[in-house]
Amino acid sequence: MNRITAGLALSALVLTGADAEEVERKRVAPPAVYDVAPGLGHFTDDVLFGEVWLRKELALRDRSLITVAALVSTGKAAQIPGHVRRALDNGVTPAEIGELITQLAFYSGWPNAISAVTEVKKVFDERGIGAAAASPDAPIPLDAAAEAARAATVRGSVAPTAPALAELTNRVLFGDLWRRAELSPRDRSLVTMAALIAIGQPEQLPFHANRAMDNGLTRVEAAEVPTHLGFYAGWPRAMSAVPVLERVLASRDSAEPAAGSSPNADVQIIRATPEATSIGSADRFTGRVQISGQYRATAPARVGGGTISFVAGARTAWHTHPLGQTLFIVSGRGWVQKEGGLREDVGPGDVVWIPPNVRHWHGATSDSSMTHFAVSEALDGNAVTWMELVSDETYRSGRR
Ligand code: MN
């Protein structure tokens with residue numbers, strides 16, 4: 001071979017190499033995918049990586065975070081190294097990957113997290129990434145009012161049955177994990193949302209989607225999460241998340257500060273007219289109950305209430321209030337009872353505080369009417385959860 005031919009052969013090789021690289025860049029799916037399932041190869045390269053990963057609604061770094069979150073939370077260990085490499089290339093730091101795994105230990109279990117650590121360590125070793133150091137930053141402060149409401153919900157709904165779980169939730173999960181500076185609150189919320197969708201737990205999504213958006217995730221980004229996860233957790237899980245997310249977005253719409261938040265907003269008076277009076281419905285009240293002056297303040301305020309008059313023998317059904325309720329007894333004689341507690345007598349001037357999530361009823365006594373003014377705050381637009389009617393036996397005996 002003379003020098004010229006050798007040179008030509010060499011440049012041909014270089015060209016071939018560049019072409020191969022170009023093809024490789026376009027093809028993420030391994031050749032075996034094309035051998036076995038050519039359709040899957042097409043969807044992988046043309047749709048998933050050729051279209052979805054390129055959508056601007058979510059940054060590449062965010063796509064990597066939620067992809068790794070989906071893989072870790074569903075225990076897909078074999079796919080973790082590839083996506084951790086991609087995540088590092090997309091700007092996710094090694095410390096953030098470590099903290100994502102820590103966060104998801106709580107949301108999808110320790111075994112998945114420990115398995116993920118083994119896979120991630122391989123990538124860190126191959127890239128020469130050393131041992132992680134703890135963040136020198138102080139714990140992130142949480143919004144005091146939102147945190148108080150959250151802790152009260154856990155104490156009311158979890159503590160009676162599983163007191164240690166409630167205590168660990170408040171002290172460790174929210175008091176420590178959620179305050180760690182190793183992952184920003186927005187990213188922590190984002191990976192938690194992704195894990196909840198991936199493991200098929202949309203019931204927990206409203207709290208975390210709201211929290212994510214409170215922490216700076218935009219609506220467009222939030223809506224893109226199930227779109228992306230359709231490919232990593234499957235269509236059913238993505239589709240199940242959509243109506244839940246839709247309700248969250250709608251509730252945030254109604255909570256947007258409206259005209260009422262202007263310093264020039266008018267004082268509003270709900271006149272004591274017959275039109276402002278309604279009769280309590282039969283699935284929520286027993287006996288004749290009249291409700292007047294019902295109001296709900298303009299968001300972001302969340303207080304509301306009304307005046308409720310019960311004839312003798314009338315009472316509410318069993319119910320709870322997510323953030324509690326205050327009753328101001330105006331006239332007559334009444335009874336108030338929490339489940340498992342004593343039936344209490346109340347009269348004019350008495351003030352009754354019903355703690356959050358305590359199952360209870362209130363109404364007139366059996367031989368006197370009673371009127372009270374009731375005030376409660378709404379949580380995510382809800383101020384009361386109605387349950388079954390109070391039986392005559394429970395009402396009269398005062399035992400439950
Ligand atoms: Mn009540």
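Remember, it's 1-based here, ligands and their atoms both numbered in the order they're listed.
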Just distance, no hydrogens or angles: give the donor-acceptor pairs under 3.5 Å from side chains in residues 193-201, sequence neighbours left out.
none

Are R237 and Y232 in a cation-pi setup, meaning NZ or CZ lies under 6.0 angstrom from the ring centre and within 45 degrees of the ring axis? no

Any cation-pi pair here, R315 with F310, using under 6.0 Å and within 45°? no

For R343, give me all partners under salt bridge (Lys or Arg N to Asp or Glu O under 4.0 Å), at least two apart in sequence or on another chain. none

Could you list the residues that satisfy salt bridge (Lys or Arg N to Asp or Glu O under 4.0 Å) with R171, not counting sequence neighbours? E167

So, the side chain of H360 versus the backbone of H319: is there a donor-acceptor pair under 3.5 Å, distance only? yes

Taking 2.8 Å as the distance threshold, tell me the number of protein N/O/S atoms next to the Mn ion (ligand 1). 5

